[in-house]
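Quick one: structure below, then a few questions.
Protein chains get the first letters and strands the later ones, always in sequence-line order, with residue 1 at the start of each. The figures here come from the full heavy-atom set of this structure, side chains too, leaving out hydrogens, waters and symmetry mates.
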Amino acid sequence: MKKLLLVVQGPTGIGKSNLSIQLAKHFQTEIISADSRQLFKELSIGTAVPTPEELKQIPHYLIHSHSILENYNASLFETEAIGLISQLFNKLDVLVMTGGSMLYVDAVCKGIDFQPDVDAQIREKLMRDLEEKGIEHLRLQLKQLDEVYYQQVDLKNPKRLIRALEVCLMTGKPYSSFRTETTKKRAFQILKIGLNMDREQLYERINQRVDHMMQAGLENEAKNIYPHRHLNSLNTVGYKELFAYFDQEISKEKAVELIKRNTRHYARKQLTWLRKDEAIHWFEPHQQNEIIDFIERNLEQ
RNA sequence: GGGGAGAUACCAAAGUGGCCAACUGGGGCAGACUGUAAAUCUGCUGUCUCAUGACUUCGUAGGUUCGAAUCCUGCUCUCCCCA
């Protein structure tokens, strides 16, 4: 029997979790989350993790599995997820993976190149350079250390420049030498299901979901982690806006408005990413039966 | 009833005779993206063709001028103050 990883993708708020649970029930299997924020046990309401009842119904992995205090990245996710998947395939033939972090999904489906760990001080130094000497300084440094990547990189994007430079400085080798960009072979098959719907309808759902989050106590959740607000893990829609409200920079109403807008932006960005993936089979969220039929036909092949 | 201010593209808001299809911000749309990815970055946004091209715009109807979003007149509407 072949091993099949069902990957459920789509913009935030479209109903990935719900569909995944239905699929997991139907195929009697379990769910791996690919969500860079649901990973953190301190975050629940703002990241729209499945409800405790839902989590009880179907075993979920990589939800609430880490702390915001840990450093996390796509490569770690690849390692952990692949480990889990191969373990779970010992007892299951089908698995569901779902989540909105496209880079994380790709890390599992295609793999991500090995890159060495970098000392935190190196990144901090580069960030200081950026602030004090400007982005041009980083560009020139990269041009010297890695001409190849300099030609490819978005020279206006500070994070890209810093990442490349920190690897160069850490290893003494050009960043581009680590970028093989080869697709890894996986021991299982992958079937991608994409969910989409009318844009206006999706935005309306998102707006409502944010209102529900506020009613459910998002403000309190944010308050609890407010002392850690500068952590990267909390540079997250739904929290950063409330932190600004706590800092008295904006009103609460404004914060809610911004959460809605930023969530919409996020959804759109996800769709931009997903659109170019030709492996995705697109459906609307209500087409649950069609999706199951589609998967079963695929299993028979 | 009297006095004053103003009506600019989806919204806000500059522009006060030619350099204006119209600054800027927001929103919207599109895109990039292999260790910060819910992050970060980019482009477009009057219409048509998509070109340094054409056409229609700055409440509305006229007028002045070689030329008007910009000046004048009527009208409509909004806001403020005094009654």
Side-chain angles (χ1 to χ4, degrees), chain A residues 10-13 16 33-40 43 45-49 68 70-81 99-120 122-124 126-127 130 135 138-139 149 152-167 170-171 175-184 199-200 202-203 206-207 209-210 213 218 222 230-243 250 254 257-277:
Chain A
T12 188
K16 293 187 294 292
S33 168
D35 190 301
S36 69
R37 301 293 130 122
Q38 290 185 358
L39 223 45
F40 299 117
L43 312 182
I45 299 169
T47 53
V49 295
I68 53 171
E70 298 173 44
N71 278 318
Y72 206 77
N73 60 53
S75 183
L76 281 170
F77 181 79
E78 177 191 13
T79 306
E80 290 194 291
S101 304
M102 291 82 59
L103 182 66
Y104 284 27
V105 172
D106 276 5
V108 168
C109 295
K110 299 180 186 165
I112 199 166
D113 287 328
F114 165 80
Q115 289 172 15
D117 290 332
V118 175
D119 293 340
I122 294 182
R123 178 175 292 187
E124 282 159 23
L126 287 166
M127 298 210 297
L130 172 65
I135 195 167
L138 298 183
R139 288 188 194 130
Y149 190 64
Q152 303 168 350
V153 71
D154 176 359
L155 290 168
K156 290 180 176 171
N157 192 328
K159 288 204 175 172
R160 297 274 148 68
L161 297 176
I162 287 175
R163 162 93 288 238
L165 281 170
E166 65 186 12
V167 172
M170 185 73 202
T171 63
Y175 176 62
S176 54
S177 67
F178 295 97
R179 286 165 47 90
T180 70
E181 300 192 70
T182 46
T183 300
K184 291 179 188 164
R199 184 71 59 92
E200 250 179 74
L202 176 65
Y203 283 3
I206 286 171
N207 292 160
R209 190 172 73 165
V210 172
M213 284 177 178
L218 179 59
H230 297 301
L231 291 174
N232 173 254
S233 50
L234 296 183
N235 185 179
T236 299
V237 176
Y239 299 93
K240 58 183 174 186
E241 298 86 354
L242 285 171
F243 295 157
I250 56 175
K254 183 71 183 172
E257 199 180 298
L258 287 176
I259 293 172
K260 289 176 181 174
R261 186 199 67 188
N262 291 338
T263 307
R264 279 184 255 128
H265 286 176
Y266 174 47
R268 203 174 65 207
K269 199 180 70 178
Q270 288 172 309
L271 285 166
T272 298
W273 180 294
L274 297 174
R275 247 193 301 267
K276 69 180 176 191
D277 187 345

Distance (rounded to the nearest 0.5 Å) between Phe243(A) CZ and Ile250(A) CD1 | 12.0 Å

Within the distance-only criterion (no hydrogens, no angle test), does the side chain of Arg123(A) pair as donor or acceptor with the backbone N or O of Glu166(A) below 3.5 angstrom?
-> no

Which listed nucleotide (rG35(B), rA38(B), rG28(B)) is nearest to the side chain of Ser75(A)?
-> rG35(B)

For nucleotides rU16(B) and rC58(B), find the distance between their C1' atoms and express it as a whole number of Å.
-> 12 Å

Look at the side-chain N and O atoms of Thr272(A) and state whether any lies under 4.0 Å from the OP1 or OP2 oxygen of rG31(B).
-> yes

Rounded P spacing from rA37(B) to rG53(B) in Å | 46 Å

Would you say the side chain of Lys269(A) and the base of rA32(B) hold a donor-acceptor pair, judged only by whether the two atoms sit under 3.5 Å apart?
-> no

Residue matched to rC55(B) through Watson-Crick or wobble contacts both under 3.5 angstrom = rG46(B)

Can you tell me if the side-chain N/O atoms of Arg160(A) get under 4.0 Å from OP1 or OP2 in rA39(B)?
-> no

Should rG6(B) form a Watson-Crick or G-U wobble pair with both distances under 3.5 Å, which nucleotide is its partner?
-> rC77(B)

Within less than 4.0 Å of OP1 or OP2 of rC29(B), is there a side-chain N or O belonging to His265(A)?
-> no

Looking at the angle O4'-C1'-N9-C4 for a purine or O4'-C1'-N1-C2 for a pyrimidine, is rG35(B) syn or anti, with syn meaning within 90° of 0?
-> syn

Among rU36(B), rA30(B), rU34(B), the nucleotide that comes nearest once only the side chain of Gln115(A) is considered | rU34(B)

Between Glu241(A) (side chain) and Gly238(A) (backbone), is there a donor-acceptor pair under 3.5 Å?
-> yes

Is Asn262(A) near enough to rA39(B) that one of its side-chain N or O atoms lies under 4.0 angstrom from OP1 or OP2?
-> no

What one should report as the nearest heavy-atom pair of Asn262(A) and Lys240(A) is ND2-CE, 4.4 Å

Using atom CE of Met170(A) as one end and atom C1' of rG35(B) as the other, report the distance to the nearest whole Å.
-> 13 Å

Separation between the P atoms of rG2(B) and rG63(B), rounded to whole Å | 30 Å

Relative to the ring of Tyr104(A), is the ring of Tyr72(A) parallel (under 30°), tilted (30 to 60°) or perpendicular (over 60°)?
-> tilted

When rounded to the nearest Å, what value does the distance between C1' atoms of rG46(B) and rU57(B) take?
-> 7 Å

Checking Gln270(A), Lys269(A), Arg268(A) against Tyr266(A) for side chain to side chain donor-acceptor pair (under 3.5 Å), the one that qualifies is Gln270(A)

OP1 or OP2 of rA38(B) sitting under 4.0 Å from any side-chain N/O of Ser101(A)?
-> yes

Euclidean distance, atom CD of residue Glu78(A) to atom C1' of rA37(B) [Å, nearest integer] | 15 Å

Quickly work out the Lys159(A) NZ to rU34(B) C1' distance and round it to whole Å.
-> 15 Å

Select one nucleotide: of rA32(B), rU34(B), rA38(B), the one nearest the side-chain heavy atoms of Asp113(A).
-> rU34(B)

Confirm from the modelled atom types if Arg163(A) and rA39(B) form a donor-acceptor pair under 3.5 Å, side chain to base only.
-> no

Of all the heavy-atom pairs spanning Ser101(A) and Ser36(A), show the shortest one and how long it is.
-> OG-N, 2.7 Å

Heavy-atom check, side chain of Pro116(A) versus side chain of Phe178(A), under 4.5 Å | yes

If you check every side-chain atom of Arg268(A), which of rU40(B), rA38(B), rC29(B) has the closest atom?
-> rC29(B)

At under 4.0 Å between heavy atoms, what does Phe114(A) touch on the DNA or RNA strands: base, sugar-phosphate, or nothing?
-> base

Rounded distance in Å - CE (Met127(A)) to C1' (rA39(B)) | 12 Å

Given atom NZ of Lys276(A) and atom P of rA30(B), what is their separation to the nearest angstrom?
-> 15 Å

Kindly write out the residues that satisfy ring pair (Phe, Tyr, Trp, His ring centres under 6.0 Å) with Phe40(A), not counting sequence neighbours, or none if the list is empty.
-> none

Which value, in whole Å, describes the distance between the C1' atoms of nucleotides rU73(B) and rU64(B)?
-> 11 Å

Which whole number of Å gives the distance between the P atom of rG35(B) and that of rG31(B)?
-> 22 Å

On a whole-Å scale, what distance lies between the P atoms belonging to rC75(B) and rG1(B)?
-> 14 Å

Could you give the distance separating rC72(B) and rG4(B) at their P atoms, to the nearest angstrom?
-> 15 Å

What's the CG-C1' distance between Leu39(A) and rU36(B), to the nearest Å?
-> 14 Å

Nearest-nucleotide wise, let me know which of Pro158(A) and Ser36(A) is further upstream toward the 5' end of RNA chain B.
-> Ser36(A)

Can you see which heavy atom on Val108(A) is nearest to which on Ala81(A), and at what distance?
-> CG2-CB, 3.6 Å

Counting side-chain heavy atoms from CB outward, which of rU34(B), rG31(B), rU36(B) is closest to Ile162(A)?
-> rU36(B)

Measure from NZ on Lys16(A) to P on rA38(B) and round the result to the nearest Å.
-> 10 Å

Think Tyr175(A) has a side-chain N or O under 4.0 angstrom from the OP1 or OP2 of rG35(B)?
-> yes

Checking all strands, does Thr182(A) fall into the base, sugar-phosphate, or nothing category for heavy-atom contacts under 4.0 angstrom?
-> base

Can you tell me how far P of rA39(B) sits from CH2 of Trp273(A), to the nearest Å?
-> 13 Å

Side chain of Arg37(A) - closest among rG31(B), rU40(B), rA37(B) | rA37(B)

Taking a pair as Watson-Crick or G-U wobble with both distances under 3.5 Å, which nucleotide is matched to rA37(B)?
-> none

Which residues in residues 102-111 of chain A have at least one heavy atom lying under 4.0 Å from any atom of RNA chain B?
-> Leu103(A), Tyr104(A)

Earlier contact from the 5' end, RNA chain B, for Ala74(A) and Gln270(A) = Ala74(A)

Presence of Asn157(A) side-chain N/O under 4.0 Å of rA39(B) phosphate oxygens OP1/OP2 | no

Minimal non-hydrogen separation, Met102(A) against Leu274(A), with atom names = CG-CD2, 4.0 Å

Counting any heavy atom closer than 4.0 Å, what does Tyr203(A) reach on the DNA or RNA strands: base, sugar-phosphate only, or nothing?
-> sugar-phosphate

